[in-house]
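In this text the structure is predicted, and so the values were computed from the model without any measurement. All heavy atoms count here, side chains included; hydrogens, waters and symmetry mates do not.
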2 protein chains.
Amino acid sequence: MTSPPRLRADAARNRQLLLAAAAEEFAERGLEASVADIARRAGVGKGTVFRHFPTKDDLIAAVVQERITPLIAAGERLLDAADAGAALLEFLAMAAQQQQQLDLSFLQGADRLAPDAAQTQERLFRVVHALVDRARDHDAVRPDVTGTDVILLMCAPNHVVTYLPDPPPDLWRRYLAIIFDGLRPQGAHPLPHPPPRSM
Amino acid sequence: MTSPPRLRADAARNRQLLLAAAAEEFAERGLEASVADIARRAGVGKGTVFRHFPTKDDLIAAVVQERITPLIAAGERLLDAADAGAALLEFLAMAAQQQQQLDLSFLQGADRLAPDAAQTQERLFRVVHALVDRARDHDAVRPDVTGTDVILLMCAPNHVVTYLPDPPPDLWRRYLAIIFDGLRPQGAHPLPHPPPRSM
DNA sequence: CCACAAACGGACCGCGCGGTCAAGTTGTAG
DNA sequence: CTACAACTTGACCGCGCGGTCCGTTTGTGG
């Protein structure tokens, strides 16, 4: 185990500035925002970015991790909520809110992910599965829907909104509601295709 | 009205080869497939591509148009189907099938679209609205859902499947079924956000 | 206060992209 | 068959990107 050799004061500050700037830039312009722009926004040189994050992918992973970790925690907390269905719905709402266009290409490419990122992903998936299983047990979601299904659908509300020129910031709620209604047992029609291999 | 001055035989053939190659390439690798690769696949030089389509965007528009036109026709035909709900569902299935990952960024950016492309888009939107209105009148979809909602959700089934390493070719059907269940009136919960401005 | 490692910055590199062009090739009207 | 316009081609261009490197600056432990 290599313990990190403690950061210099300014370096630590710059690291935070970078994470913040990157998050904003990614939110506004998607993952293709250039490293140079992020550096400028953070008020540092481009070289500094690469000193902290050897690769753009590493920077993305760091930002995602920062956003995802509290989400996981919230999800785990929601496992104790009284209403299992409402808990899942709220989790999905938090996920959508947290992402706000940070369209997680993080989900795909489970391979070639920094080992710690892969671990975070693992935890995220596990908590989604748990929430879904619990909701299913309480007849709050249809029996034929799996955790993997929900993982795949998780980003959809944010994504569909993307097609609009400049979407109202809460419009995703509308589509989350529609999709979630599709997950409910009431009036569910049988699904025409088996679920994909578990994630 | 400028009538196109008729194409030379080989030019016409190459044009078709290009459209086919582009469609395949886009399907496999998304819209970022390079023009050079498309040219190679079609067995022509890169310059030829730009002779037929002044810009990569024009090529994309042409491919999309080629796919979308028959879809519109099918949609208009479905307006006469007996079961309005089933008609809408089948239309959405055709749309998803036709696209197969040709994730239509065509929907956004209604401006800066070649005028004929804009017109095609217009027709597509109109037929979706008609199908949805008719389905709503027959109580086959919930009353609070609009044509614009369906337009936005149209690509979702294909999109979500994208997160999987290599998805079964028909998996989108599963997610279309879920989303469509969310559009049905049975057990619908009120939507938390007003619909976006009509498209 | 000083010396030195740590951190910084920005010029620089190579690459792949969309798009251009001038020289060569080919279908076709007459 | 010929002559010419239509068409093809691939070398070429400029650009913006991710990533490198080294001369300079700066925080900090002794």
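- The nearest whole Å value for the distance from the CG atom in B:Asp57 to the P atom in C:dC17 is 16 Å.
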Open item on the list: Set out, in order, the CA-CA distance, both residues' side-chain angles and the distance that settles salt bridge (Lys or Arg N to Asp or Glu O under 4.0 Å) for B:Asp137 and B:Arg134, then state yes or no.
Closed with: CA-CA 5 Å; B:Asp137 289 346; B:Arg134 186 157 164 271; over 6 Å; no
Output a table of donor-acceptor pairs, distance under 3.5 Å, between side-chain atoms of residues 9-21 of chain A and any protein atom two or more places apart or on a different chain; print 'none' if there are none.
residue : atom : partner : partner atom : Å
A:Asp10 : OD1  : A:Arg8  : NE           : 3.3
A:Asp10 : OD2  : A:Arg8  : NH2          : 3.2

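- Here the side chain of B:Asn158 pairs no donor or acceptor atom with the backbone of B:Cys155 at under 3.5 angstrom.
- Between A:Pro54 and A:Asp37, the residue anchored closer to the 5' end of DNA chain D is A:Asp37, taking for each the nucleotide with the nearest heavy atom.
- Under a 3.5 Å cut-off, the side chain of B:Arg173 and the backbone N or O of A:His193 do not form any donor-acceptor pair.
- Rounded to a whole Å, the CZ atom of A:Arg6 is 14 Å from the C1' atom of C:dA5.
- A:Ile38 places its CD1 atom 12 Å from the C1' atom of D:dG18, with the value rounded to the nearest Å.
- Residues meeting the side chain to side chain contact (heavy atoms under 4.5 Å, CB included) test with A:Glu24, sequence neighbours left out: A:Arg41.
- Look at CD1 on B:Ile60: it is 14 Å from C1' on C:dG19, rounded to the nearest Å.
- Note: CG (A:Asp58) to P (D:dT20) measures 11 Å, nearest angstrom.
- A donor-acceptor contact shorter than 3.5 Å is absent between the side chain of A:Lys56 and the backbone of A:Ser34.
- OP1 or OP2 of C:dG19 has at least one side-chain nitrogen or oxygen of B:Thr55 nearer than 4.0 Å.
- Atom CZ of B:Arg40 is separated from atom P of C:dG18 by 12 Å (rounded to the nearest Å).
- Placement of A:Leu79 and A:Met154 within a single hydrophobic cluster is found when ILVMFWY residues are connected by side-chain heavy-atom separations under 4.5 Å, directly or transitively.
- Comparing atom distances between the B:Phe50 side chain and each of C:dA29, D:dT28, C:dG18 picks out C:dG18 as nearest.
- To the nearest angstrom, C1' of D:dT8 lies 14 Å from CG of B:Leu17.
- The CG atom of B:Leu7 sits 14 Å away from the C1' atom of C:dT26 (whole-angstrom rounding).
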- [ ] Do nucleotides 8-16 of chain C as a string where each nucleotide becomes B, S or -: B if the base has a protein heavy atom under 4.0 Å, S if just the sugar-phosphate does, - if no protein is that close.
- [x] SBB------
